[in-house]
Amino acid sequence: MSKPSFVYVTYIRTTPEKVWAALTDPVTMRKYWFGAFAETDWKPGSPWTLKFDDGRVADAGEILESEPPKRLVIRWRNEWKEEIKAEGWSRCTMTIEPYQGVAQLTIRHELEGDGTKFIEAVSGGWPRILSNLKSLLETGAVAYETKA
Amino acid sequence: MDAVFKALADESRRDLLDHLRADNGQTLGQLCAGLPAMTRQAVSKHLGILEEANLVATVKRGREKLHYLNPVPIHEIGERWIGKFERSRLQALSDMKNALEQEKSDE
């Protein structure tokens with residue numbers, strides 16, 4: 001496994017349990033993930049699919065680790081753009097830790113092989129998704145509703 | 001948010017972020033090698049301030065500590081002001097549309 005390609009950290013004024021619920025509940029996901037949502041039972045070894053608003057499969061993979069409300073590891077591959085899919089698998093690790101009364105959420109991606117397109121594609125999206133998630137959990141509303 | 005502005009208000013620290021942007025996930029040693037004008041102590045001190053402001057995130061990998069540029073706080077600053085201006089522009093456009101359409105129906 002190569003070193004992480006990026007690491008994103010945000011602090012959210014809420015509890016780790018609420019962050020976990022927002023990361024794993026498809027109805028909540030749609031609110032901050034520009035309509036996209038996951039289909040899985042979140043158990044280690046289970047398949048995981050990320051779908052666009054219209055139901056097309058965006059990404060797919062498998063749940064590698066699931067430890068509510070602390071740690072989620074997903075084997076993750078793009079499924080909708082051939083040249084990105086060709087770069088193969090990545091591993092996304094999400095960790096939630098209590099930190100001075102708030103929740104610290106860290107997202108990191110590691111590519112199993114080489115390539116830059118997958119990382120380019122996901123690294124642009126995460127800061128907006130995380131901002132939206134923070135707004136949603138702290139204020140009940142998101143800043144961006146559509147992927148403009 | 002004060003910590004983010006304070007951290008960014010220093011050219012050496014912006015240089016450090018530029019180096020991470022070019023090559024994310026560097027050790028202290030790698031960063032020092034790329035910034036020969038700064039002492040190791042200075043790089044280490046600046047990294048501490050950037051970490052405190054959540055502009056740098058670190059990951060332990062074996063005995064190494066890797067440093068990553070974390071753009072999330074900068075994104076949040078953009079959203080706080082730029083987003084607000086966009087919203088008011090949209091509101092202005094929407095008001096104009098309503099006013100013009102009102103005029104038309106009054107004719």
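Residue numbering restarts at 1 for every chain, and letters A, B, ... go by the order of the sequence lines.
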Taking Leu66(B), Leu69(B), Val72(B) one by one, which has the highest count of heavy-atom pairs under 4.5 Å against chain A? Val72(B)
Members of residues 9-24 of chain B whose heavy atoms come closer than 4.5 Å to chain A: Asp23(B), Asn24(B)
Mind checking what makes ring-ring contact (aromatic ring centres under 6.0 Å, His included) contact with Trp89(A), not counting sequence neighbours? none
Among residues 41-60 of chain B, those lying within the under-4.5 Å heavy-atom range of chain A are Asn54(B), Ala57(B), Val59(B)
Under the 3.5 angstrom rule, does the side chain of Thr27(B) hit a backbone N or O of Glu64(B) as a donor-acceptor pair? no
Counting distance only, does the side-chain N/O of Tyr32(A) pair as donor-acceptor with the main-chain N or O of Ala22(A) below 3.5 Å? yes
Are the side chain of Lys18(A) and the backbone of Leu137(A) linked by a donor-acceptor contact shorter than 3.5 Å? no
According to salt bridge (charged side-chain N to carboxylate O under 4.0 Å, His left out), does anything in residues 55-67 of chain A pair up with another residue at least two apart or in another chain? List the pairs. Asp54(A)-Arg56(A), Glu65(A)-Arg71(A), Glu67(A)-Lys70(A)
Between the side chain of Thr106(A) and the main-chain N/O of Val9(A), is any donor-acceptor distance below 3.5 Å? no
Tyr11(A) vs Tyr99(A) aromatic rings, parallel, tilted or perpendicular, using cut-offs 30° and 60°? tilted
Are any of the side-chain nitrogens in Lys117(A) or Glu87(A) under 4.0 Å away from the carboxylate oxygens of its partner? no
Please check: side-chain N/O of Arg91(A) versus main-chain N/O of Val73(A), any donor-acceptor pairing under 3.5 Å? no
Any donor-acceptor pair under 3.5 Å linking the side chain of Ser90(A) with the backbone of Trp76(A)? yes
